[in-house]
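Every chain is numbered from 1, with letters handed out A, B, ... down the list of sequences.
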Amino acid sequence: MSDATTKPMDDIMSLCKRRGFVYQASEIYGGINGFWDYGPLGAQLKKNLRDAWWEDMIMNPCWGRTGPGGERVRCVPVETCIIQNPKVWEASGHVGGFNDPMVDDKETKQRFRADHLQGGYLGSSPAGDPALALAQMQGQITKVEHIPAFTITAGGPDEAAAILLADRKLQKLLGVSDANILPSISPGAAPLLQLTYRGQPAFAFIFPVSGAVQEHAHAQIPSPFTGKAGSLTAPRQFNLMFFTYTGATATENDKVYLRPETAQGIFVQFKNVVDTTRVRVPFGIGNTGRSFRNEVTPRNFTFRSREFEQAELEFFCHPDDSFEWYKFWRDFRMEWWQSIGLAGENLILREHEKDELSHYSTGTSDVEYRFPFTAPGFGELEGIAHRGNYDLTQHAKHSGAKLEYFDTDRGETLPNGAKKGERYMPHCIEPAAGLDRGALALICEAYTRDESRPSPEIMKFHPRVAPIKAAVFPLVNKDGMPEVADRLHADLFKRFGRTGFVETDAKQSIGKRYARMDEAGCPFCFTIDGDTLTDQTVTVRSRDTGLQDRIAIDKVSAFLTDALLA
RNA sequence: GCGGGUGUAGCUCAGUGGUAGAGCGUCACGUUGCCAACGUGAAAGUCGAGGGUUCAAGUCCCUUCACCCGCUCCA
């Protein structure tokens, strides 16, 4: 087993470039932050990974295993658009949830939502009358010159008042003491505090600090963390989603989003799939493709890219069965990643803690890999989430479509023996994998240094995902060997050329040709030598051990077939 | 977003303000008898980009971009 913590990421990245696995996007123009391209070997590696997912999730789900209810697992594919009606993202929560302007406190490095900034506005009126002060204040509160004496981050004014009262340390920072909440002047009015502010008795109303004030006067607004002005930035949009415009006019009305996940395309087409393809719950719908997220900090090679590819399955089932299905998929997905070469202790299945869960989820697990740049920690390859009926319910609400499923296998048994049927909103288990992260994990896991070998760098890919499946070499480029090698190569190419590259090379020393194949991760090399010409055998040289066997030349295909299926 | 580091050939990296370099790799030819062998030769560079100082900038200054590391943020 290879230990990821000892693998230098720089060496892996260097090999990725040198051998054509990964290139920086737009490299000759200086690159572009958060985007990476795949070279020939990387593109084939990722395709093999995607194909493996498709085969084991869609074509022959779970290798033909039965699910918790004893029935064969059934899945169908869709391929949905990157650009959807913008309402899809309102329904899914992606628009509302991630478009909030954020403010940074440059001094404490804290970041908070601009609409959570509550201001304490000191009241002043000749007679100390709060009602008069409030009336006066309400006329001015939206004016840019009207700066609060102190600020608090909270979901609303009442919460802010409660936080301030409860937190003595915060009071000290902000210059507040002896604070009490006075009865509100009128129902729904801003909370009124009686307090001492910087030694002077005063009263204060808590109002949200308006976006306009924050925009224009952020330098004067005191920080909610230090009480000092000058460290807050203006509110800034942190857009998770990329957007563009449909049509040539490009007005705000034409704004559309590039999807941040492929899953929503599945939910949106759920009804069509049910209506047109005779699927019956429980069943899954798979979708692969590019997604886009405007990550704040793209980092760690291809791990957090702004454009990335997902392979997502939404598995729909009856609510009563959903937890069993959740466990089933969680365990299968872990096993699947192990089956393609992430078999060691660098791979873990991690069940989320209760406080990590989304409000609608009753269970989520991550398949995580210990990348060199996360070690000793782990990075997520795939999340398996129990999403309940959240998504279908959201889309039913927003679109008005009826997305409930009528299950004719459930309900009371009728006198004629048939079931009465049951109408319900299916629950959904979502195994959502990142293909680029998967490919990166395969690369990191495969990368091996063996200083005892003349060519120390070896990519030990599982044969199923290896971009180069086999190579055929004449030991020397004469004496009829090249001709035999060409024939064997042509034969293997015809049989295996759909699954990956099949190479041949007659140039330079045999050791150099083996070494090149080791570095590219080709699992087997077949070499034609002098004996081949007399006894029709070739040597099979194994990448991982460097050892070689002799087998009959007409058994090479069968040998390779077995090896690739193993 | 903040702080630190790096950027010179495909890769790894030297390079004192004064001619753009090495090793490896790649390619060609020769040789070859199982592990980056050897010989000869060749191609390959916007020195990350832009500006400035200077007689002269890979080298000094400013700006910017990308990558790496640490925070921060984010599902």
Side-chain angles (χ1 to χ4, degrees), chain A residues 8-20 22-36 39 93-94 97-98 100 102-113 231-234 236 238-240 260-261 291 293-304 306 352 356-359 361 364 366 372-374 379-380 383 385 432 434 450 452-458 473-479 481 505-520 525-533 538-543 545-550:
Chain A
M9 200 58 209
D10 289 349
D11 291 347
I12 294 175
M13 290 168 66
S14 168
L15 184 142
C16 280
K17 168 78 186 289
R18 182 156 38 89
R19 295 311 308 255
V22 179
Y23 306 132
Q24 198 178 4
S26 318
E27 189 183 293
I28 62 169
Y29 289 99
I32 176 167
N33 191 351
F35 295 85
W36 299 89
H94 286 93
F98 301 105
D100 300 307
M102 305 291 282
V103 173
D104 285 317
D105 179 2
K106 287 182 285 192
E107 189 176 332
T108 64
K109 315 290 187 200
Q110 302 219 56
R111 177 174 288 170
F112 58 90
R113 278 171 59 172
S231 64
L232 297 186
T233 65
R236 288 178 290 193
F238 284 83
N239 287 315
L240 170 78
E261 61 175 32
S291 292
R293 291 185 198 172
N294 221 341
E295 299 287 353
V296 179
T297 312
R299 197 58 82 79
N300 288 330
F301 202 29
T302 62
F303 183 78
R304 179 165 293 157
R306 288 179 163 148
H352 280 209
E356 278 184 277
L357 296 175
S358 320
H359 60 280
S361 179
T364 299
D366 285 344
F373 49 79
T374 60
E380 180 183 348
D450 183 347
S452 72
R453 282 167 64 162
S455 50
E457 284 183 305
I458 306 159
F473 300 141
L475 182 60
V476 288
N477 197 15
K478 62 179 186 183
D479 298 339
M481 295 180 207
D505 187 358
K507 302 287 180 62
Q508 297 182 314
S509 74
I510 191 69
K512 181 173 283 197
R513 285 176 278 165
Y514 287 152
R516 277 199 281 244
M517 287 299 127
D518 287 346
E519 212 179 49
C525 297
F526 301 97
T527 301
I528 281 67
D529 59 18
D531 294 343
T532 308
L533 306 173
V538 299
T539 61
V540 187
R541 186 257 188 195
S542 156
R543 171 196 67 199
T545 62
L547 301 176
Q548 45 193 36
D549 281 326
R550 273 206 103 76

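- Aromatic pair A:Phe301/A:Phe373: ring centres not closer than 6.0 Å.
- Between the CD1 atom of A:Ile12 and the C1' atom of B:rC11 there is a distance of 15 Å, given to the nearest Å.
- Between the A:Arg293 side chain and the A:Arg304 main chain, no donor and acceptor come within less than 3.5 Å of each other.
- When only modelled atom types and interatomic distance are considered, A:Asp11 and A:Ser14 share no side-chain donor-acceptor pair under 3.5 Å.
- Across all strands shown, B:rG41 forms a Watson-Crick or G-U wobble pair, both distances under 3.5 Å, with B:rC27.
- Across A:Arg453, A:Arg19, A:Arg543, A:Arg513, a single residue satisfies salt bridge (charged side-chain N to carboxylate O under 4.0 Å, His left out) together with A:Asp518, and that is A:Arg453.
- B:rC61 and B:rC68: their C1' atoms are spaced 25 Å apart (whole Å).
- Atom CG of A:Asp10 is separated from atom P of B:rU12 by 8 Å (rounded to the nearest Å).
- Distance, A:Arg299 CZ to B:rC69 P: 7 Å, rounded to whole Å.
- With rounding to whole Å, A:Gln24 atom CD is found 14 Å from B:rC65 atom P.
- When rounded to the nearest whole Å, the span between NE2 of A:His94 and C1' of B:rA75 equals 9 Å.
- Base pairing of B:rG17: no nucleotide in any strand meets the Watson-Crick or G-U wobble criterion (both distances under 3.5 Å).
- At a threshold of 4.0 angstrom between heavy atoms, the contacts of A:Leu15 with the nucleic acid are absent.
- B:rC67 is paired with B:rG5 under the Watson-Crick or G-U wobble criterion, all donor-acceptor distances under 3.5 Å.
- The phosphate of B:rC69 (OP1 or OP2) has a side-chain N or O of A:Asn300 nearer than 4.0 angstrom.
- Backbone-only contact: A:Phe301 has heavy atoms under 4.0 Å from sugar-phosphate atoms and none from a base.
- Within 4.0 Å (heavy atoms only), A:Gly34 reaches sugar-phosphate atoms of the nucleic acid but no base atom.
- The C1' atoms of B:rG58 and B:rG7 are separated by 11 Å, rounded to the nearest whole Å.
- Nucleotide B:rC35: unpaired (no Watson-Crick or G-U wobble partner with both distances less than 3.5 Å).
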Checking A:Glu27 against A:Lys17 for the salt bridge (Lys or Arg N to Asp or Glu O under 4.0 Å) test, could you report, in this order, the C-alpha distance in whole Å, the side-chain angles of both residues, the deciding distance, and whether it holds?
CA-CA 11 Å; A:Glu27 189 183 293; A:Lys17 168 78 186 289; 3.4 Å; yes
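- Going from the P atom of B:rC35 to that of B:rA20 covers 44 Å, rounded to whole Å.
- Note: A:Thr532 OG1 to A:Arg550 CZ = 5.0 Å, rounded to the nearest 0.5 Å.
- If you check B:rU53 for Watson-Crick or wobble pairing at under 3.5 angstrom, you find it has no partner at all.
- Contact check, A:Lys17 against B:rG10: no side-chain N or O comes under 4.0 Å of OP1 or OP2.
- The phosphate of B:rC65 has neither OP1 nor OP2 within less than 4.0 Å of any side-chain N or O from A:Asn33.
- At least one side-chain heavy atom of A:Phe473 sits under 4.5 Å from a side-chain heavy atom of A:Cys525.
- Shown here, B:rU12 forms a base pair with B:rA22; the pair counts as Watson-Crick or G-U wobble because both key distances fall under 3.5 Å.
- Taking all atoms of both residues into account, the shortest heavy-atom contact from A:Gln24 to A:Gly30 is NE2-O, 4.2 Å.
- To the nearest whole angstrom, the two P atoms, one in B:rU6 and one in B:rG48, are 13 Å apart.
- Counting any heavy atom pair closer than 4.0 Å across all strands shown, A:Phe473 reaches no nucleic acid atom.
- A distance of about 14 Å separates the P atoms of B:rG10 and B:rU26, rounded to the whole Å.
- Between the P atoms of B:rA75 and B:rC13, the separation comes to 37 Å (whole Å).
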Taking only N/O atoms, report every protein-nucleotides 27-36 of chain B pair under 3.5 Å with atom names and distance.
unit_1 : atom_1 : unit_2   : atom_2 : d
B:rA28 : OP1    : A:Lys507 : NZ     : 3.1
B:rG33 : O6     : A:Asp479 : OD2    : 2.3
B:rG33 : N2     : A:Gly530 : N      : 2.5
B:rC34 : O2     : A:Tyr514 : OH     : 2.9
B:rC34 : O2     : A:Gln548 : OE1    : 2.9
B:rC34 : O2     : A:Gln548 : NE2    : 3.4
B:rC34 : N4     : A:Asp529 : OD2    : 2.7
B:rC34 : N4     : A:Thr539 : OG1    : 3.4
B:rC35 : O2     : A:Arg541 : NH2    : 3.2
B:rC35 : N3     : A:Arg541 : NE     : 3.0
B:rC35 : N3     : A:Arg541 : NH2    : 3.3
B:rC35 : N4     : A:Arg541 : NE     : 3.4
B:rC35 : N4     : A:Gly546 : O      : 2.5
B:rA36 : N6     : A:Glu519 : OE2    : 2.6

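- Atom CZ of A:Arg304 and atom P of B:rA75 are 11 Å apart (whole Å).
- Ion pairing of A:Asp505 with A:Lys512 is absent here, as no side-chain N (NZ or NE/NH1/NH2) approaches a carboxylate O to less than 4.0 Å.
- Rounded to an integer number of Å, the gap from A:Met13 CE to B:rU6 C1' is 12 Å.
- Spacing between B:rA37 and B:rU32 at atom P, rounded to whole Å, works out to 16 Å.
- In this structure, A:Asn294 atom CG and B:rG1 atom P are separated by 11 Å, rounded to whole Å.
- With both ends at atom C1', the span from B:rC60 to B:rG39 equals 46 Å, rounded to whole Å.
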